[in-house]
Amino acid sequence: MAETNLGRFSAAERLNSMSVDLIDVDLTTTIATHADGDVISQSIEIPNAVAVTGGTAIIQSIYLQNKDDSVESPALELIFAAENTAITSDIGDAIEITDANLVTAVVQGSVTVSNWSTLKPSSTEIAVKSNIGLVVRAESDSRSIFIHTVNRSGGNYTPDGTGKLSARIGIVKD
């Protein structure tokens with residue numbers, strides 16, 4: 001069972017020790033048609049997501065940028081995990097995560113982002129999800145967490161390049 005020591009720091013000490021960071025991550029994928037429920041990218045490291053080895057953080061916001069010329073606006077589920085563990089055998093396949101990985105808290109939560117806006121005159125799209133408040137923890141020997149992306153659009157998503165999708169993760173570190 002987790003141990004919480006609320007008296008370890010005063011309120012001022014807790015607030016002064018917190019760090020806010022924006023971490024950019026390329027959600028590298030394949031140039032293929034990804035059906036609804038297919039994994040678009042997996043096991044992408046978010047380096048230095050927590051302040052100390054084995055520490056925790058709060059994912060507060062996610063900004064997505066899609067530089068794909070096709071302007072498909074797919075609803076995307078971002079799954080956060082503590083380990084570099086694949087959730088499927090290949091990008092483009094459906095999720096195949098084991099119950100053991102769910103039970104051992106390798107998977108720590110997910111967020112779906114679907115409110116895309118197209119920036120004119122370019123075809124770049126952006127989407128933002130804020131006030132998330134998802135608590136994540138790195139493994140005991142790491143300061144990283146990992147992200148996986150799943151198509152939840154209800155239809156196909158076909159990126160025209162492997163590096164067209166990126167995320168900016170807003171994190172409050174403990």
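Taking 4.5 Å as the limit, every side-chain heavy atom of Y63 sits out of range of all side-chain heavy atoms of L22. Using a 4.5 Å heavy-atom cutoff, the side chains of V150 and I79 are in contact. Within the 4.5 Å cutoff, no side-chain heavy atoms of E125 are placed close to those of S117. Between D90 and T30 the shortest side-chain heavy-atom distance does not fall below 4.5 Å. Annotation: side chain of Q60 is in contact with side chain of N131 (closest heavy-atom distance under 4.5 Å).
A continuous path of ILVMFWY side-chain contacts below 4.5 Å connects V113 to F80, so both sit in one hydrophobic cluster. V107 and L27 sit in two unconnected hydrophobic clusters of ILVMFWY residues. Membership requires side-chain heavy atoms under 4.5 Å apart, directly or through other members. Linking ILVMFWY side-chain heavy atoms closer than 4.5 Å, directly or via other members, places L134 and I46 in a single hydrophobic cluster. A continuous path of hydrophobic side-chain contacts links V111 to I171 [ILVMFWY only; heavy atoms under 4.5 Å]. Under the 4.5 Å side-chain contact rule for hydrophobic residues, V136 and I23 share a cluster.
Counting all heavy atoms, side chain and backbone alike, N66 lies closest to P74 at ND2-CD, 4.2 Å. The heavy-atom pair separating I91 from V39 by the smallest distance is CG2-O, 3.5 Å. Considering all non-hydrogen atoms of both residues, H34 and P159 come closest at CD2-CD, 3.6 Å. Contact record, S142 with V50: O-CG2, 4.3 Å, taken as the closest heavy-atom pair. Listed here is the closest heavy atom pair of E45 and V25: O-CG1, 4.1 Å. Across I31 and D160, no two heavy atoms sit closer than the pair CD1-O, 4.1 Å.
By the neighbour-count criterion of 12 heavy atoms within 6.0 Å, atom CZ of R168 is sparsely surrounded, having that number or fewer from other residues, nucleotides or ligands.
How far CG of D21 is from CG of N48: 8.0 Å, rounded to the nearest 0.5 Å. Atoms CG and OG1, on L76 and T149 in that order, are 6.5 Å from each other to the nearest 0.5 Å. Put simply, CD1 on I147 and CD1 on I59 are 7.0 Å apart, with the number rounded to the nearest 0.5 Å. Taken to the nearest 0.5 Å, the OG1 atom of T56 stands 5.5 Å off from the CZ atom of R137. Considering CD1 of I145 and CD of E83, their distance stands at 13.0 Å, rounded to 0.5 Å. The NZ atom of K129 sits 10.0 Å away from the CG atom of L78 when rounded to the nearest 0.5 Å.
Among N115, L119, T118, the one residue that satisfies the side chain to side chain contact (heavy atoms under 4.5 Å, CB included) test with I126 is L119.
Q42 places a side-chain N or O within 3.5 Å of a backbone atom of I87 that can act as its donor or acceptor partner. Without hydrogens or angle criteria, T28 side chain to G163 main chain gives no donor-acceptor distance under 3.5 Å.
Between the side chains of T29 and S41, no donor-acceptor pair is found at a separation under 3.5 Å.
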One pair to check against side chain to side chain contact (heavy atoms under 4.5 Å, CB included): I44 and D26. What are the steps and the verdict?
CA-CA 8 Å; I44 306 291; D26 288 326; over 6 Å; no

Set out, in order, the CA-CA distance, both residues' side-chain angles and the distance that settles side-chain hydrogen bond (donor to acceptor under 3.5 Å, both in side chains) for T158 and N156, then state yes or no.
CA-CA 6 Å; T158 310; N156 291 336; 5.8 Å; no

